[in-house]
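Start at 1 and go down the list; that is how both ligands and their atoms are numbered. One is the number of the first residue; the rest follow in order along the sequence. All heavy atoms count here, side chains included; hydrogens, waters and symmetry mates do not.
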Amino acid sequence: MKEQELYLCAMQILDGQLVAGAVKEELTIRVAQLVAEGRKVPHLAAILVGNNGASETYIGSKVKTCQDIGFKSTLIRLPEDISEFKLLNSIHDLNRDPDVDGILVQLPLPKSISDENVINAIDPFKDVDGFHPSNAGRMLQGLPTFLPATPHGIMLLLEHYKIDTRGLHAVVIGRSNIVGRPMSILLSNNSNPGNCTVTICHSHTKNLDEICRSADIIVAALGRAEFVTGDMVKEGAIVIDVGITRVPDSTKKRGYVIRGDVQFSTVATKCSFITPVPGGVGPMTIAALMKNTYKACIDKN
Ligand code: NAD
């Protein structure tokens with residue numbers, strides 16, 4: 001057996017599809033219990049502005065998952081040219097609606113609309129994406145809150161595979177408010193998984209390759225297809241690929257392929273665990289969103 005094949009044997013896929021399936025199964029049972037007790041079932045309201053293809057896909061998966069597990073869902077489609085004022089009014093209506101437990105506004109929004117104003121308008125008790133500053137602040141302080149779905153999903157995945165992250169050096173590439181920054185907080189928390197020594201990298205980071213080579217865990221969340229290559233990864237590292245990029249491919253019927261931020265072919269041969277794209281972080285993000293929506297409903301009713 002060649003050396004590379006040996007590494008392949010040692011490497012384990014972190015199967016987000018499988019773990020998300022288990023989370024959904026558990027939620028389905030809990031919803032059935034709520035129904036049997038004559039209690040309210042969780043209700044997620046999602047707002048989609050415009051018709052960006054990727055956003056349509058993500059929101060479609062979220063609505064379908066709600067249906068699969070027995071949650072109520074409402075999808076509000078608004079035109080691309082909607083004013084910020086009208087969008088904020090839609091959010092205020094959902095905030096006031098006692099039947100709605102969770103609200104999400106699919107990002108990105110058109111440039112004319114401020115993400116910040118929109119996120120701030122969502123009732124923090126219905127902010128199941130965990131983006132509202134009060135929820136982000138609670139997360140920082142380790143208080144109970146809605147954790148942002150993608151980092152939360154990654155933590156659930158690490159937990160499921162019983163990966164002991166104590167004392168490991170985690171390198172997070174990307175510092176967005178929705179992925180990189182909260183990921184760095186959760187990994188540094190006094191928790192399990194957690195207790196990592198975290199380095200957060202961004203577009204101005206110098207010697208990124210070298211920093212990555214010193215990582216026991218790499219979380220790649222920068223949105224550049226196949227950016228992390230095998231030569232940037234230490235043998236035995238744990239690699240979490242958050243990226244989702246549509247790369248044009250004329251041989252495909254739909255005209256593109258989905259790529260992560262990690263070059264799977266060169267990295268998988270070196271690491272101990274890796275999340276595939278698709279089927280890794282994506283399904284876990286939706287599972288975490290569903291957990292948050294369930295929590296929003298139970299906390300209130
Ligand atoms: P973003 O554009 O808001 O942030 C990207 C970050 O990467 C920035 O902080 C930037 O400084 C950093 N960056 C960019 N180029 C870099 C470079 N060359 N070196 C180092 N850092 C660099 O993106 P985001 O919203 O955080 O999303 C990141 C990726 O994750 C995207 O591909 C997005 O589609 C994907 N995503 C996936 C899921 C999922 O469920 N799998 C969820 C959210 C986002």
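A cation-pi arrangement is present between Lys295 and Phe146, with the terminal nitrogen or guanidinium carbon under 6.0 Å from the aromatic centre and inside a 45° cone about the axis.
The protein non-hydrogen atom at the shortest distance from atom 27 (O) of ligand 1 is Val179 CG2, 4.4 Å. Gly223 CA, 3.6 Å is the protein heavy atom nearest to atom 31 (C) of ligand 1. Nearest protein heavy-atom neighbour of atom 6 (C) of ligand 1: Gly174 CA, 3.6 Å. Shortest contact from atom 42 (C) of ligand 1 to any protein heavy atom: Thr150 OG1, 3.2 Å. For atom 34 (O) of ligand 1, the nearest non-hydrogen atom of the protein is Ile244 O, 3.3 Å. Closest to atom 25 (O) of ligand 1 among all protein heavy atoms lies Ile178 CD1, 3.6 Å. Counting protein heavy atoms only, atom 16 (C) of ligand 1 is closest to Leu222 CD1, 3.6 Å. Nearest to atom 40 (O) of ligand 1 among the protein's heavy atoms is Thr285 OG1, 2.8 Å.
At least one N/O-N/O distance between Arg175 and ligand 1 falls below 3.5 Å. Looking at ligand 1, you won't find any N or O of Ile173 less than 3.5 Å from one of its N or O atoms.
Counting heavy atoms only, Ser176 comes closest to atom 23 (O) of ligand 1 of the residues Ser61, Ser176, Pro151. Counting only non-hydrogen atoms, the option in Met284, Arg246, His202, Arg181 that gets closest to atom 21 (N) of ligand 1 is His202. Of the candidates Ser203, Gly260, Ala288, the one placing a heavy atom closest to atom 11 (O) of ligand 1 is Ser203.
Between Thr150 and Thr285, the side chains place a donor N or O and an acceptor N or O closer than 3.5 Å (distance only, hydrogens not considered). No side-chain donor from either of Asn51 and Glu80 sits under 3.5 Å from a side-chain acceptor of the other.
Per-residue contacts place Phe227 under 4.0 angstrom from the following atoms of ligand 1 (heavy atoms of the residue considered): 18 (N), 19 (N). Here is the list of ligand 1 atoms found below 4.0 Å of a heavy atom in Gly282: 40 (O), 41 (N).
Atom 2 (O) of ligand 1 is not flagged as protein-proximal [any protein heavy atom, distance under 4.0 Å].
The minimum heavy-atom distance between Pro182 and Pro148, with the atom names listed, is CB-CG, 3.7 Å. The nearest pair of heavy atoms linking Gly180 to Val172 is O-CG1, 3.6 Å. Closest approach of Pro144 and Arg138 over heavy atoms only: O-NE, 2.9 Å. Residues Leu186 and Met139 share a closest heavy-atom pair of CD2-CG, 4.0 Å.
With a 4.0 Å cut-off on non-hydrogen atoms, Arg224 touches ligand 1 through its side chain and not its backbone. Here Val242 has heavy atoms under 4.0 Å from ligand 1 in both its backbone and its side chain.
Rounded to the nearest 0.5 Å, atoms CD (Glu25) and OG1 (Thr28) are 7.0 Å apart. Atom CD1 of Ile218 sits about 9.5 Å away from atom CD1 of Ile274, to the nearest 0.5 Å.
In this structure, Thr205 does not count as a contact residue of ligand 1, since none of its heavy atoms falls inside 4.0 Å of the ligand. The shell of residues lying under 4.0 angstrom from ligand 1, judged by heavy atoms, excludes Gly180. A heavy-atom separation below 4.0 Å is not found between Tyr58 and ligand 1.
Ionic pairing of Lys126 and Asp101 is not present here: no N-O contact between side-chain nitrogen and carboxylate oxygen is shorter than 4.0 angstrom. Salt bridge annotation for Lys72-Asp99: present, with a cationic side-chain nitrogen under 4.0 angstrom from a carboxylate oxygen. Ion pair Glu56/Arg77 flagged as a salt bridge, since at least one NZ, NE, NH1 or NH2 atom sits closer than 4.0 Å to an Asp/Glu carboxylate oxygen.
For the pair Leu107 and Val118, the minimum side-chain heavy-atom distance is 4.5 Å or more.
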